[in-house]
Amino acid sequence: QVQLVESGGGLVQAGGSLRLSCAASGRTFSRYAMGWFRQAPGKEREFVGGINWSGGSTYYADSVKGRYTISRDNAKNTVYLQMNSLKPEDTAVYYCAANSRDMTGVIPYKDRYDYWGQGTQVTVSS
């Protein structure tokens with residue numbers, strides 16, 4: 001089992017940057033593909049991007065492509081989400097999630113993820 005804890009959220013002005021971290025417990029972190037999702041009030045939880053077990057493959061939603069970057073450090077059991085050029089529509093609770101079934105690729109469907117963090121709030125002011 002994996003426990004995930006996100007950090008790094010906060011309030012930022014439009015055009016600014018934030019870096020989210022997701023720290024995982026357990027020794028098998030490197031066996032999981034990791035994903036980031038977000039959920040705005042009244043909306044479905046949506047895929048933001050993900051990274052495979054080695055960090056060699058990433059995939060992003062069109063809405064964040066070119067602005068967000070995901071990376072991971074398996075030695076530190078941590079995955080990161082660097083968010084640049086933030087927009088008010090990026091405001092949401094951001095969640096990291098672990099996928100043990102598709103570790104070699106990145107799957108954008110939340111049902112494929114086994115473990116979830118508690119989320120961290122990101123608010124972008126205009």
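Residues take their numbers from the sequence shown, with the count starting at 1. As a basis for the values below, the full set of heavy atoms in this structure was taken, side chains included, without hydrogen atoms, waters or symmetry mates.
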Original post:
Is it true that the side chains of Arg101 and Asn99 contain a donor and an acceptor less than 3.5 Å apart?
Top reply: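 The answer is no; no qualifying pair exists.
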
Original post:
Does one side chain, of Asp73 or Thr78, offer a donor that lies under 3.5 Å from an acceptor on the other?
Top reply: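 Looking only at side-chain atoms, Thr78 and Asp73 do not form any donor-acceptor pair under 3.5 Å.
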
Original post:
Should we count NZ of Lys65 as having more than 12 external heavy atoms under 6.0 Å?
Top reply: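 Atom NZ in Lys65 is packed in, count exceeds 12.
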
Original post:
Taking atom CD of Gln3 as the centre, does the number of heavy atoms from other residues, nucleotides or ligands within less than 6.0 Å exceed 12?
Top reply: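 Atom CD in Gln3 is not packed in, count stays at 12 or less.
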
Nearest non-hydrogen partners of [X] and [Y], listed with the distance:
X	Y	value
Val79	Phe29	N-CZ, 4.1 Å
Ala92	Gln39	CB-O, 3.4 Å
Ser30	Asn74	CB-ND2, 3.6 Å
Tyr32	Ala98	CD2-CB, 3.7 Å
Tyr68	Arg38	OH-NH1, 3.5 Å

Original post:
Charged N to carboxylate O below 4.0 Å: is that the case for Lys87 and Asp90?
Top reply: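 So Lys87 does not pair with Asp90 through a salt bridge.
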
Subject >> Contacts of type side chain to side chain contact (heavy atoms under 4.5 Å, CB included), residue Ser54, not counting sequence neighbours >> reply: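 Partners of Ser54 by the side chain to side chain contact (heavy atoms under 4.5 Å, CB included) criterion, ordered by chain and then number, come out as Asn52.
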
**OP:** Can you spot which of Tyr94, Tyr60, Tyr95 makes a side-chain contact (heavy atoms from CB on, under 4.5 Å) with Val48?
**Re:**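 Checked Tyr94, Tyr60, Tyr95 against Val48; only one passes side-chain contact (heavy atoms from CB on, under 4.5 Å): Tyr94.
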
